[in-house]
Amino acid sequence: MIRVQNVTKVFETKDGPFTALKDVSFEVKKGEIYGVIGFSGAGKSTLVRCLNFLEKPSSGDIFIEGRSLKDQSAVDLRKERHRIGMIFQHFNLFQSRTVAGNIAYPLKLAKWPKEKISERVKELLAFVGLEDKAKHYPDELSGGQKQRVGIARALATSPSILLCDEATSALDPQTTESILNLLKRINAEYGITIVMITHEMGVIREICDKVAVMENGKIVEEGSVFEIFSNPQTSTTKNFVKSVMNDQLPASVLDKLNDSKEGRVCRLIFKGDSTGTPILSETAKKFNAHINVLFGQITELQGKPFGNLIVQIIGSKKETEEILDYWKNRVFVSEVEKRAS
Ligand SMILES: Nc1ncnc2c1ncn2[C@@H]1O[C@H](COP(=O)(O)OP(=O)(O)OP(=O)(O)O)[C@@H](O)[C@H]1O
């Protein structure tokens, strides 16, 4: 659906050339919700602007449904952009136009007949739950309502892709949740592929299928949301996961573990149906070793239960290995460092 191929973007600045994107490649499949997360300055906004060629890559290319954007004429690129909607952190609404006027704008540009425009605007207002605000101006709306207008405007020309650049970063947690639910509906009901740019791991956890982690203009890690949450590799990704999982062992427990030097400490990750598996009681029946539970939490990942258990196995080396093999066939298992990270 979207293929980003070796994209590099160099800006000329008064201090010389600055490389904001370095050889970035990834693919987004049709119907997927794909997240790109990174700290401020990582290159996320530059990347999202390259996806629809608002920013032209210095090298590399973007393919939309197999079509290369690099070689397209200005006219063809404009047509291509009609199939790609975009929403922004600060909504970017026209203050002098009403809500209905904002939503109608791209349809006017596309030269739709008047009656069809008003029909489509009505339909979109109903979809985003703002039927009663058609004649209001943006400064009479809350942040969440403004973003709903932004979403309705982005959907007006029935795009197949929606790019969201920090779409919830200016909103409070409750409003963020309602906007994320609206984006999920857009994805499920219209099959629209969504690319979410964000610095909030909670947004990724809530709605994305896959995620790429960006740092200094590069993708440092990519995978399914489950893979990234259960087994983050780079320190940046670990920090993002930590920001929402709160699954670190308290210092006092770590101290005790370091003192005792006994046993192996492991993290067990349960997903979906496996969350209800009575794995510890089964282990106790089957093996003689002692299992000491240090931490336990069940949260939700993409609407499915996601359990996280940290345990210490106290037993012989052979028995510990047997237990680990037994677990590895049932749940995701990783070793936990006893030192605080
Ligand atoms: N037009 C430009 N000219 C020069 N440098 C730029 C330009 N646009 C972006 N940059 C630089 O590229 C880097 C990446 O910026 P970008 O806005 O893509 O990051 P970001 O991850 O979206 O950060 P934020 O969340 O703060 O917007 C930054 O160091 C920025 O200063």
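In each ligand, atom 1 is the first atom listed, and ligand 1 is the first ligand listed. As a basis for the values below, the full set of heavy atoms in this structure was taken, side chains included, without hydrogen atoms, waters or symmetry mates.
Considering backbone and side-chain N/O atoms, G41 comes within less than 3.5 Å of an N/O atom of ligand 1. Checking only distances, A42 does come within under 3.5 Å of ligand 1, N or O to N or O.
F11 CD2, 3.4 Å is the protein heavy atom nearest to atom 2 (C) of ligand 1. Protein heavy atom closest to atom 25 (O) of ligand 1, with residue, atom name and distance, is K44 NZ, 3.2 Å. At the shortest separation from atom 16 (P) of ligand 1 among protein heavy atoms lies T46 OG1, 3.6 Å. Protein heavy atom in closest approach to atom 26 (O) of ligand 1: S40 OG, 2.5 Å. Of the protein's non-hydrogen atoms, S45 OG, 3.7 Å is the one closest to atom 27 (O) of ligand 1. Protein heavy atom at the shortest distance from atom 13 (C) of ligand 1 is F18 CE2, 3.5 Å.
We find that E80 and R83 are joined by a salt bridge, their nearest charged nitrogen and carboxylate oxygen being less than 4.0 Å apart. Between K184 and E177, no side-chain nitrogen of the basic residue sits less than 4.0 Å from a carboxylate oxygen of the acidic one, so the salt-bridge criterion is not met. One finds a salt bridge joining K318 and E322 here, because a Lys/Arg side-chain nitrogen approaches an Asp/Glu carboxylate oxygen to under 4.0 Å.
Atoms of ligand 1 lying under 4.0 Å from any heavy atom of A20, numbered from 1 in the order shown and given with element: 12 (O).
Of the heavy atoms in F39, only backbone atoms (N, CA, C, O) come closer than 4.0 Å to ligand 1. Counting heavy atoms closer than 4.0 Å to ligand 1, residue T13 contributes side-chain atoms (C-beta onward) but none from N, CA, C or O.
Remark: R205 fails to qualify as a cation-pi partner of F306 under the 6.0 Å distance and 45° angle criteria applied to the six-membered ring.
In this structure, atom 30 (C) of ligand 1 is not in close contact with the protein, since no protein heavy atom lies within 4.0 Å of it.
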Listed pairs under 3.5 Å, donor-acceptor, residues 122-141 side chains, sequence neighbours left out:
from: E123; atom 1: OE2; to: R120; atom 2: NH1; distance (Å): 2.6
from: E140; atom 1: OE1; to: Y137; atom 2: N; distance (Å): 2.6

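Considering NZ of K328 and CD of E321, their distance stands at 7.0 Å, rounded to 0.5 Å. In this structure, the separation between CG on L183 and CD1 on I33 is 7.5 Å, given to the nearest 0.5 Å.
Residue contact check for ligand 1: G43 places a non-hydrogen atom closer than 4.0 Å to it.
When every heavy atom of Q147 is checked against every heavy atom of I179, the shortest pair comes out as CB-CD1, 4.0 Å. Residues L162 and I192 come closest through the heavy atom pair N-CG2, 3.7 Å.
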